[in-house]
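All heavy atoms count here, side chains included; hydrogens, waters and symmetry mates do not. If you're wondering where the values come from, they're calculated on a predicted model, not measured in any experiment. Throughout, a chain's letter reflects where its sequence line sits, starting with A, and its residues are numbered from 1.
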Protein chains: 2
Amino acid sequence: MANIIEVAKRAGVSPTTVSRVLNNSSHSVNSETRERVLEAVKTLNFVPNPLAKGLLGVETHLIGVIVGDASDPYYANIVKGISETAQNEGYLTIICNTDRIPEIELRFLNALLHYAADGIVFASGGLNLPEHQDQVQEIVNSFKKRHVPVVALGNRNLNVPQVSIDDVQAAQVSIDDVQAAQDMTEYLIGLGHRRIGFILGPSTMITSQRRLEGYQQALEKNQIAFDPSLVFNGDFTFESGLQAASHFVDRQPPVTAVFASNDREAMGCLFGLKQKGIAVPEQMSIAGFDDIEMLQYVNPPLTTVCVPMHEIGVRGIMQILKAKNSKDVIVENIRLPHSLVIRESTQPPPNQGGQ
Amino acid sequence: MANIIEVAKRAGVSPTTVSRVLNNSSHSVNSETRERVLEAVKTLNFVPNPLAKGLLGVETHLIGVIVGDASDPYYANIVKGISETAQNEGYLTIICNTDRIPEIELRFLNALLHYAADGIVFASGGLNLPEHQDQVQEIVNSFKKRHVPVVALGNRNLNVPQVSIDDVQAAQVSIDDVQAAQDMTEYLIGLGHRRIGFILGPSTMITSQRRLEGYQQALEKNQIAFDPSLVFNGDFTFESGLQAASHFVDRQPPVTAVFASNDREAMGCLFGLKQKGIAVPEQMSIAGFDDIEMLQYVNPPLTTVCVPMHEIGVRGIMQILKAKNSKDVIVENIRLPHSLVIRESTQPPPNQGGQ
DNA sequence: ATGAAAGCGCTAACAT
DNA sequence: ATGTTAGCGCTTTCAT
């Protein structure tokens with residue numbers, strides 16, 4: 001691999017000149033010289049070593065994306081929005097899959113810090129682990145000191161108000177989870193449901209709590225007593241939805257609808273119910289959350305909350321770019337609109353009036 | 001961020017000593033000194049700069065994974081196998097999503113080259129573009145020169161025999177696509193189908209051609225004439241499957257089964273058929289390829305070829321690790337076994353005997 | 001308009 | 001057992 005010195009020699013100039021040509025430096029360089037340099041670059045197939053650049057604190061045009069599980073369609077969509085947009089702007093995004101393991105997240109963050117990433121996107125919802133959070137906070141601080149923009153997608157606990165003036169803040173892009181969960185719950189209540197099961201997300205995630213909150217608020221608003229036995233502790237997986245189905249079936253008084261915190265849980269519940277011979281939506285309604293693509297293709301197509309995942313990714317990366325350009329620390333909180341997607345998995349309860 | 005010099009000062013030693021302690025160098029260092037260094041490292045929260053290390057050609061414990069579309073469940077599963085295994089071995093994998101754009105792939109490859117990745121995994125099937133292939137080949141050569149192991153998953157055209165002694169070779173891990181496609185086609189033929197539609201994958205991918213080959217061989221073996229009008233040019237997307245459905249419906253003589261090159265096409269076809277009121281499998285059978293998880297949950301559950309995606313990822317990364325340890329260039333071709341998963345989307349044609 | 005030299009953080013070769 | 005020095009490839013002063 002050629003280095004800048006070889007290029008310089010071949011062009012009969014100094015490395016400095018090569019550097020100037022390649023970085024469109026403000027220093028003017030003779031157009032003839034420039035030609036020779038460019039030619040040498042081409043023939044030697046020279047690509048500047050970003051490692052060396054990074055060591056000097058120069059832009060790397062690399063953006064790190066931290067994600068818990070990139071194979072989860074939810075994140076996959078967000079990540080797609082991120083990479084597409086970044087690419088259009090000339091940035092390369094490297095996806096760091098933490099498998100939701102705090103230690104791995106930290107390792108990646110450290111790597112990105114040292115590799116002089118030009119920006120960091122937390123695509124995963126935050127892990128709600130105080131000690132870990134502190135460590136992340138610290139690294140984010142380091143980024144901040146280097147003026148590397150950080151943005152958190154979904155509801156990540158990065159910009160909790162702190163006392164210190166060194167307060168770490170990150171721009172956020174998310175939907176209003178509480179409101180969205182409330183909307184869906186109210187829709188179900190409006191349909192006539194009174195006994196509505198809720199499948200919770202993993203307790204370590206902030207989003208889970210928010211969605212539960214919305215569910216509770218809707219009940220309260222409609223004077224329906226909150227029954228803790230109707231909340232099943234899921235973990236955003238298909239399997240937990242399957243288990244939830246067992247939990248909700250044959251309850252007395254009967255549960256007539258289930259609201260899952262994400263679509264995979266909803267799908268699991270749907271299949272669990274089917275296995276038990278419960279007709280959806282005739283005997284029980286099911287609603288999900290996120291609106292991943294495949295929901296349309298199951299039978300019946302699932303009602304869900306549409307989260308603009310792709311858009312979240314796009315706006316996230318735009319925040320990074322904006323921050324880079326303005327050279328300011330931007331701490332903007334963007335709330336994107338959500339909507340209900342009513343499909344065939346929800347209808348009024350079997351015997352109108354409930355109970 | 002602390003650097004090695006600060007640590008050295010604080011411990012009252014030279015940077016070299018710090019380096020030796022941190023890298024478990026064979027150089028012996030006084031256990032007392034070691035303690036002091038370790039303490040300084042801890043208090044200063046020192047993490048060695050991998051950029052600087054990389055510049056010196058030292059191991060980075062970073063492995064680059066090149067993938068066309070990480071949100072595709074097929075790749076997602078492979079990538080998962082890769083990251084899990086790599087993590088257990090102390091390696092960090094960075095996912096480079098090319099969106100199947102050759103230029104992006106090249107950019108990533110260059111970045112990885114310079115960032116001194118310790119290994120490269122091509123998780124995508126190869127792009128069959130000669131000029132691009134040459135450029136990739138060249139970069140792979142550079143990796144080889146640096147003794148950075150490269151492995152290609154699926155059927156990537158990286159180790160085409162070449163004349164030069166500098167012959168670029170990469171280990172491969174894949175299934176036998178030709179045989180697998182042949183197996184499925186023969187299964188359909190065995191069921192009594194004679195007019196079997198085939199949905200092709202994108203023409204730029206080698207895997208597509210292989211699977212078509214298998215389909216053709218099965219026909220030939222069973223003395224069924226190959227009818228080009230029964231091959232629909234898909235591109236591995238749901239939409240192309242949808243279009244294929246329109247293509248195959250109402251043909252004379254009727255098509256009684258469709259074999260899609262991947263599961264998403266199969267799903268698209270299934271839904272297209274449903275929309276047109278064609279019963280699956282009663283009027284038409286459908287078979288897919290890959291065995292992505294969601295196939296089980298559609299109605300009817302789809303028959304498909306099971307590709308051990310996770311295992312492919314695991315074995316791929318193991319090749320990398322093996323090559324690193326043996327310090328040899330390993331060019332092993334691993335063929336993993338496939339199998340047919342018979343579900344409910346296939347059955348004998350409506351009027352036995354066909355035609 | 002161009003170049004020489006210093007230095008980013010680290011490690012390996014070479015002292016001591 | 002420990003330290004000194006040089007240098008990885010690049011950019012950035014500071015000359016010329």
Side-chain angles (χ1 to χ4, degrees), chain A residues 1-38 40-41 44-62 110-111 113-116 118 142 145-146 148, chain B residues 1-38 40-41 44-62 110-111 113-117 142 145-146 148:
Chain A
M1 259 190 342
N3 63 22
I4 201 172
I5 298 186
E6 297 175 45
V7 175
K9 276 192 186 138
R10 187 169 238 280
V13 298
S14 74
T16 311
T17 305
V18 176
S19 173
R20 291 207 260 255
V21 170
L22 258 38
N23 298 295
N24 311 305
S25 150
S26 53
H27 263 81
S28 51
V29 33
N30 192 310
S31 68
E32 205 177 285
T33 315
R34 157 172 276 114
E35 282 312 314
R36 258 183 304 141
V37 169
L38 255 22
V41 165
L44 290 176
N45 221 303
F46 172 69
V47 182
N49 186 331
L51 238 43
K53 282 193 179 189
L55 206 48
L56 294 173
V58 180
E59 291 199 356
T60 56
H61 274 224
L62 230 60
N110 262 316
L113 183 61
H114 290 296
Y115 274 93
D118 275 354
S142 308
K145 275 184 203 143
R146 293 187 177 187
V148 174
Chain B
M1 258 191 341
N3 63 21
I4 201 171
I5 298 186
E6 297 176 45
V7 175
K9 276 192 187 138
R10 187 169 238 280
V13 298
S14 76
T16 311
T17 304
V18 176
S19 171
R20 291 207 259 255
V21 170
L22 258 37
N23 297 296
N24 310 305
S25 148
S26 54
H27 264 81
S28 50
V29 34
N30 193 307
S31 68
E32 205 177 283
T33 315
R34 156 171 277 113
E35 282 312 313
R36 255 182 308 140
V37 169
L38 254 22
V41 166
L44 290 177
N45 222 304
F46 171 68
V47 182
N49 186 331
L51 237 43
K53 281 192 181 190
L55 208 47
L56 293 172
V58 180
E59 291 200 357
T60 55
H61 274 224
L62 231 59
N110 262 316
L113 183 62
H114 290 297
Y115 274 91
S142 308
K145 276 185 204 140
R146 294 185 174 187
V148 174

Side-chain donor/acceptor of B:Asn3 to backbone N/O of B:Glu6, under 3.5 Å
yes

Hey, are the side chains of B:Leu62 and B:Pro50 touching, using non-hydrogen atoms and a 4.5 Å cut-off?
no

N/O to N/O distances under 3.5 Å, protein versus nucleotides 8-10 of chain D:
{"unit_1": "D:dG9", "atom_1": "N2", "unit_2": "A:Ala52", "atom_2": "O", "d": "3.4"}
{"unit_1": "D:dC10", "atom_1": "OP1", "unit_2": "A:Asn49", "atom_2": "N", "d": "3.1"}
{"unit_1": "D:dC10", "atom_1": "OP2", "unit_2": "A:Ile4", "atom_2": "N", "d": "2.3"}

Taking all atoms of both residues into account, what is the closest heavy-atom pair of A:Gly12 and A:Arg36, and its distance?
O-NH1, 4.2 Å

Can you tell me how far P of C:dT11 sits from CD of B:Glu59, to the nearest Å?
12 Å

Assign B:Thr33 to base, sugar-phosphate, or nothing according to its heavy-atom contacts below 4.0 angstrom with the strands shown.
sugar-phosphate

So, OP1 or OP2 of D:dG3: does either fall under 4.0 Å of a side-chain N or O from B:Ser14?
yes

Could a donor-acceptor pair under 3.5 angstrom be found where the side chain of B:Thr16 meets the base of D:dT4?
yes

So, for B:Ala117 and B:Val148, which heavy atoms are closest and what is the spacing to 0.1 Å?
O-CG1, 3.6 Å

Review item, nucleotides 14-16 of chain D N/O atoms under 3.5 Å of protein N/O:
none

Is any side-chain heavy atom of A:Val41 closer than 4.5 Å to one of A:Val47?
no

Report yes if some heavy atom in the side chain of A:Arg20 is under 4.5 Å from a heavy atom in the side chain of A:Thr33; otherwise report no.
no

Residues B:Ser14 and B:Thr17: side-chain donor-acceptor under 3.5 angstrom:
yes

Would you check if B:Leu55 and A:Asn49 make a side-chain contact, meaning some heavy-atom pair closer than 4.5 Å?
yes

